[in-house]
Structure formats: structure tokens, C-alpha cells
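In what follows, a single structure is set out as C-alpha cells and then discussed.
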Amino acid sequence: MKKLKIKLSLVLPAVPDQRDRCVQTLLSRLQGREGLEKVHLTDEKTDGLPQLCFHYDPEVITVERIQRLAVQTGASVQEKYGHLLLEVAGIRHTRHARTIEANLQARKGILQAHVSASGMIGLEYETATLEEKTIHAWLPREGLQLLDPAVSVDTYLEKTAEDLDVTREQPLPSAVPSTEAEPDHPAGETHQGEEDPAHAHGGVFGKNTELIFSLVCGGMLGVGFGLSFVAGLPAWVSLSLYLGAYFFGGFFTAKEAVETVAKGHFEIDFLMLVAAIGAAILGEWAEGALLLFLFSLGHALEHYALNKARKSIAALAELAPKTALLKKNGKTEEVGIEHLRLGDIIVVKPHSKISADGVVVGGQSSVNQAPITGESVPVDKQPVEDPDKDWSQESEIKNENRVFSGTINGNNTLEIKVIKEANDSTLSRLVKLVNEAQTQKSPTQRFTDKFEKYFVPSVLTLVVLLNLAFLVVDETFSESFYRAMAVLVAASPCALAISTPSAVLSGVARAAKSGVLIKGGRPLEDLGVLTALAFDKTGTLTEGKPKLTRVIALGEVGEEELLKTAIAVENLSDHPLAKAVVRDGKERLKDANIPQAKDLEAVLGKGIKATLNGDKVYIGNLDLFESLDDNKPSHDMEEKVKSLESEGNTTMLIRQNDSYLGIIALMDTPRAEAKNTLERLKKIGIKRMIMLTGDNQKVADAVAKEIGLTDAWGSLLPEEKVEAIKELKEKESKVAMVGDGVNDAPAMANSTVGIAMGAAGSDVALETADIALMADKLETLPFAIGLSRKSKGIIKQNLWISLGVVALLIPATIFGFATIGIAVLIHEGSTLVVVFNALRLLAYKQYDN
Ligand SMILES: Nc1ncnc2c1ncn2[C@@H]1O[C@H](COP(=O)(O)OP(=O)(O)OP(=O)(O)O)[C@@H](O)[C@H]1O
Ligand SMILES: [Zn+2]
């Protein structure tokens, strides 16, 4: 396996303390991530910037992801490596894609090239050696036509319009039909733009040319064969029909063969051609034409089928409206979504699509979010309390305030403040990530690639030997040649090559439709086999909205004084527990004056310290005070805490200087759907479900019992969660971690598959997770896992089918049980079976298990 090293210069904060923390978070986010061998800071410096060295496996993780993860930790990365995601026309099928991939890979300055048969090219390159322009210039030489250098929502809109024949003769559909022709976009031009890729694809009949040619070939063959039995007709009649069949059936095969041979490769197309020519030389025109017919038909159908899966991804992008009603100075005006800026207010009419990510600032309505999150029930939306705030900078926006581009408004008009520009919207990120997913190879695909590497040369050797069979066996050369060709066809691993990618493509496409983003074949396959799931507790298994349950004053001060102190200190923290104390505490106190605390110091996983009116205040769990000093809480106090905890309360002790003031207890309720979901997970084969939490063991046990977990591990510090994941990975070999993708990012990075919930609302979660559940719903988990299992199952079936056919067909052709015609039929048949088997995933239903 190839390993690469890259070095990134990091622009880190100038303050030494912050800088260390920055590097630490970066390392913890990256360390242990699948595909990253090692990350370390080097001593050398370039341009005075520290260098971070990454050792990684380019087939598993991309430079772009590494860079993005780095950027998210706050460090800005120097643009040393570029990443391009291109959409092209002219890739005919998987093998063709691979040839192009190899060619691109061989170019100087290219770190890694991924080419998918569906027309996506992912490239990573050194910006010092290469420019984007240079790369674009290569494409025509590969026989490709660039459709769009930056795959975006818009590209897909056009692409879909061009793909669907109905819309072909019409202007692009838009959510709000506008009658005016846009000045910079005359009507005729759109048409040309749409036709071009079609031409690149095949020729006179548009993108179905391959299929039509193949059918014409079949027709001529059939008629010619029929006429050959009519007595009295001269032989040239049939022969000329066969010749026609050769032309139509062999056109694309020959074109391809010439292209590949010119580059020094040779693939099955070439072999088919040789076999057909061989048949013609032997006078077996009908057989040769049949061969070309079946071969070309197989390919055309394969292409058609893959496009189907692809279209279902393209449909995602189609969701985005192209225009928005911008409100300015009391008037509204229709503008293209690319003109929307942060802070703009747009008006969304009832039952129309929302054109931007934003927060509601006016009106109440329910919004159908299914296009993004897969939720079937519309979500009620209402205005934010403070419409003038700069919401684009806010990391925590409530579900009831936030809307996504591409979702559909219900009965009432909404006014929305834009918080994301069009190319940055959740929808366009989603489309981009789904496309990127296609360019990553899955473990099975890597295995089959490797297998082919040894298999193909062995077959070729065998064929050469079989060609010489007439020297030892009593037969003519043409008989030997004929047999050798049959074996060649039989042994071509076409079905094998397409078996995994087609299943991954369909699986990813199906998942995306239900609001699950699966980033490629690796997570899909891993999730399909693993049997252990680790969960974060707060916000994942529980609501994540703790409520104040008890306030117990124990010292000289009363309850009110105790609460005031606690609120003052917790005001400084943004921990969910802290927020709950402040919110519920204030409510209990009514309008009491809360003093101002300062100098907050967090003790990770234990509590906090701060100064209040010159006094030192400590708030935290028993562990905090165990490690603090000799002034331990009293025995009574400890008993009280333990009894509260065994009821499922999270407790905190409050100490001012040397005296303990009392206890505050909070309780977080498990999600209503947790129990049911876990039961279903068990049913589909998940054996171990482990909760990891920083909360105390008693609370952990109480929750685990209530919702039916197999294990509950409490009192874990963040780094202990990472350790726990590592330990689980050792025992179970593969473990998935489910969390919010932000606080538990290190644990997720160390798991085999990191699954983030509620990713639609968090860019970080969307980027860092291997699998992102767009909705904040636990119920999606059984769907994602069920689909992965089904995908894995189909990949296995496909492997058996493709390998099995080859294993049976080789001896059958060697010993003469199967002719070339039969070999081609079975060979192409198995390829199609495999592809259509994969397409079944598109129709996967949640309760299919
Ligand atoms: N601001 C705070 N005020 C009081 N106690 C705190 C505070 N922050 C943390 N603690 C204590 O530390 C414990 C662990 O916190 P941590 O943030 O690691 O996990 P958590 O959020 O409670 O649970 P989970 O790990 O499931 O997300 C808490 O249960 C609490 O007892
Ligand atoms: Zn190194």
C-alpha cells in the first residue's frame, strides 16, 4: 500500500499558550483517524511557520480533508496543496475510468487522482507545481470534456435538466418562474450548453447513442441470420447485414480499444475486437456479430444503470431553488441565490422552497425538512428572539429558528435572515461531500483491484499458451485460437470491477435521500459489518437539556444565597449543565440580582473554579474535591450526593473558600425514542451498545437500565473516552461512535466509523464525521446501519457472482463446453446482474431488514 507524507505550514495563534492548545486539539482530532498513520510537529520551519507532518494513506483520506480538519481547529493552513473536484463527460465505464486515473496519477505534481465511472474526478496536487488551468488542459487529451471545474449545486441543476429528456427542450426549471429573459443569458445559449456534453458522450443520438448503436447491431444481426436460411437469396445479402452489424456493434469498442492501445494498455475491448475479427477470418460472421452485439449492449446498459444511481444523487442538488425574494427597504425583489449576502432578509411564500440557510426573523410556519434531514414530519419554525444579532457567527441555533436551503415552507409566509451564502449552504456542502464520497475506494474495491493485478497477467499467459495448443493437441490453429479467445472473454473480470463501486454508489445515493451522508465505501462497508456501537450520553441518548431538580443548602447560607453564587459562577461557563443551572436557577430566584464572577477556570470533566467578590468558588462533582486539597466534603454530604445520584441525578457541590455551601442536582431525560431505537439496533445485529459519559457511574447505570444498553462507562474524562474507544476497538475489532461530532470529535476520530447526529446544524460535525445523520434523530441510526448491512451483503453477493462466473466459465471454455457466444453472453449477463443487484439498494426501505 502506498503511503504519502505531506507537510503543512500552520499559521498558529501568536500566544504560546493558545498555540499549544491549538496544536493539541488538532492532534487529538487527527490522531487515530482512519488513514492517518501519524501526525507530528517537526522542528523545521518554512517562511517562519511551524511544519506539521502528516503520514497518510491517500486511498483512505484526502489531503483536502486533512486541511479542512486543520482549518477547523482555528489554525489557518497555507495553501500548499490544492484540491479539485471536477465533473467531466466522456468517461464510458469503470475500466475507462481506471485508465484515466492511472494517466492522471502519473503526472507530475499530482498527489492523488480518483476517477469514478460516473464522471467525477477528484484530484489533489501541489500548488507549487501545478495550476488549475494546467489540469484543465489535460482533460481533452484524455478524451474528456470538462463540464464544471467546481462541482456545485448549479452544475447539478444543469446536469439534471440535461439528463432528463422532458426538460431538455425547456429552459431550466426554477422554483419561481420568471417570464423575463435574463439579459446575460439569452435563451439559445442555455440549449447549447446543454447539448454539448451529450455530444461528447456519444454522437448523433445524444447520450443514448451507445445503446442505439448496439440495438441496430442486434437488429441487423437478427435479420441477416434469418435471411441466411432463405433459399435462393445470394449470400452477400446476409453478409452485408453482418458487416453492418460489425460496424454498429464494434464502433465504440474499436474506438476505445484504439485509445487504450495507443496508451500502451490493453483491456477487454481490444480482446473483444480481436475475437470478433478472428471470427470473421474464420468465416463465422454471425458469431462475431453476436459477440459485438452482446458486448456493446452490456456496456450500454451498464452505463445506463450507473446513471440511474447517479441521477438520484443529482436529484439532491435539484432541490435548491435558483432565486430568492430579497426584501430591501420594504420592497421585495427576485434575485439569483448567488447574490444573497449574509444578513440579507428573504421572504418565503407559503408552499415554496426556502432558498437559503438562515434563521427565521418573521412569521411562524412548519417546514418540511425531508429533503435535507429525511424527517417525514414537518418542523415548526418561529422567529428568533433577537433578529438583529449577527446569527451567521452563532454556533448554537435552535432547531425551531433555523431553516435550510432546499426545504419546503408550509402554510405561512416566513421572513428569513441569511446566515450562509449559497455555495456554503448545508445543501451544497452535502452535494459536494456526496460527490466526494464517490471518489474514495472501499476496502473491498481495494481488494478486487489488487486481485486483478495478479489475475489479469495470469489469464493473459494462459491465453498465449492456449493459442499454441495446436502444437500439442491434434487440432488446427483456428480451433486453438477460437478456444483461447473464448477463455479470454470468460476470464475478463468486468463484473468484478463494477461489483463494489456500483453497490457503494447506490448505497450512498439511497442514504442521501433519507438525510444520511455516508462518506464513501469504507464507512459504508465497516458499518455494514460491525457489531459494537459506542454512544455519547449527553445530547445523544439523552435530550441534552438537563433540568434543575434539587437545591440543597447545607452550610450557613440559605438556598437563595447558594443559588446566586452558583449562577454567578456558572454564568461564565458554556457547559450544558452550567446553562441549565443559570436558566432554571434564575427562574427559581425570580428577579434577584446576580453578582458578577470572574477568572473562570475549567477543570476538565470535573467542574469549574472562579472568583466572586474576592472569594474563591468551586463547583463540581466529588472527583473535583477529591483532587483539590485536604478539605474534603463531609461524610453526610457524600451520602446525600450518592443517594441523589442513584436516582439518576447529576450532582454538583458548591464550595466557597473553605466552606461547603450545598448541593445542586440536575437531571437529563433520555430521548423518548432511545429505548425503541436500541431495541431495533439489537434486532438488526448490534450486540454491544456502550454508553460513554463524563457523568458519574450511578447516573450512567440508571440511564443504561432505562433504555437498554449493554454497558455504561461513567466518570470518563475526554481523553479516557478516546482510550475507551481504543480498548473497544481492540476487543471488538470494529466499533462505531455516535455523538454530536463536536465535543466528542476525538473519540469519533479514533473509532472505526464516527457517526454524527444533527449534522445539518453543525458544519464541524458534517465535516468530521464519517457518517452524518442530518436530522437530530436517533431513529435514523437503524436505517443507516440497516442500509450499510444490506450494502455489505450485496457487495458480498456481487463478489460471489462475479468470481463464481469466472471460475465456472474458464474451465467450461477450455474444455469446449461453451463457445465464444455463450461466454460473452454469460460474461455480459453477469456484469449486468451485478449492476442491477446493486441498484436494488436505491429502493431500500427502512424496515427491510
Ligand atoms: N460547568 C460545570 N459545572 C459543574 N459541574 C461540571 C461543569 N462541567 C463539568 N462538570 C462536572 O464534570 C462532569 C463531567 O463533565 P463532562 O463535560 O466531561 O461530561 P458530561 O457533559 O456531563 O457528559 P457526557 O460525557 O455524556 O457528555 C459533569 O457530569 C459534572 O459533574
Ligand atoms: Zn513525518
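- Here Asp740 pairs with nothing under the salt bridge (charged side-chain N to carboxylate O under 4.0 Å, His left out) rule; sequence neighbours left out.
- In terms of modelled atom types and a separation under 3.5 Å, the side chain of Lys729 and the main chain of Asn750 share a donor-acceptor contact.
- Every residue two or more places apart in sequence or in another chain that forms a side-chain hydrogen bond (donor to acceptor under 3.5 Å, both in side chains) with Asp776 is listed here: Arg671.
- Contacts classified as ring-ring contact (aromatic ring centres under 6.0 Å, His included) and involving residues 351-398 (residues at least two apart or in different chains) are not found.
- For Lys417, there are no salt bridge (charged side-chain N to carboxylate O under 4.0 Å, His left out) partners two or more places apart in sequence or in a different chain.
- Paired with Ile518 under the rule side chain to side chain contact (heavy atoms under 4.5 Å, CB included), one option of Leu433, Val434, Val504, Leu524 passes, and it is Leu524.
- With sequence neighbours excluded, the residues satisfying side chain to side chain contact (heavy atoms under 4.5 Å, CB included) with Ala578 are Glu570, Ser573, His575.
- Applying the side-chain hydrogen bond (donor to acceptor under 3.5 Å, both in side chains) test to Asp668 and every residue at least two apart in sequence or in another chain returns Thr542.
- Looking at residues two or more places apart in sequence or on another chain, you find a ring-ring contact (aromatic ring centres under 6.0 Å, His included) between Phe783 and Tyr844.
- For Lys398, the salt bridge (charged side-chain N to carboxylate O under 4.0 Å, His left out) criterion is met by no residue, not counting sequence neighbours.
- Taking Thr540 as the reference, nothing meets the side-chain hydrogen bond (donor to acceptor under 3.5 Å, both in side chains) condition, with sequence neighbours excluded.
- For residues 573-583, every residue pair satisfying the salt bridge (charged side-chain N to carboxylate O under 4.0 Å, His left out) rule, not counting sequence neighbours, is listed here: Glu396-Lys579.
- When the side-chain hydrogen bond (donor to acceptor under 3.5 Å, both in side chains) test is applied to Ser392, the partners found at least two apart in sequence or on another chain are Asp390.
- By the salt bridge (charged side-chain N to carboxylate O under 4.0 Å, His left out) test, Lys327 is found to be paired with Glu415, residues two or more places apart in sequence or in another chain being considered.
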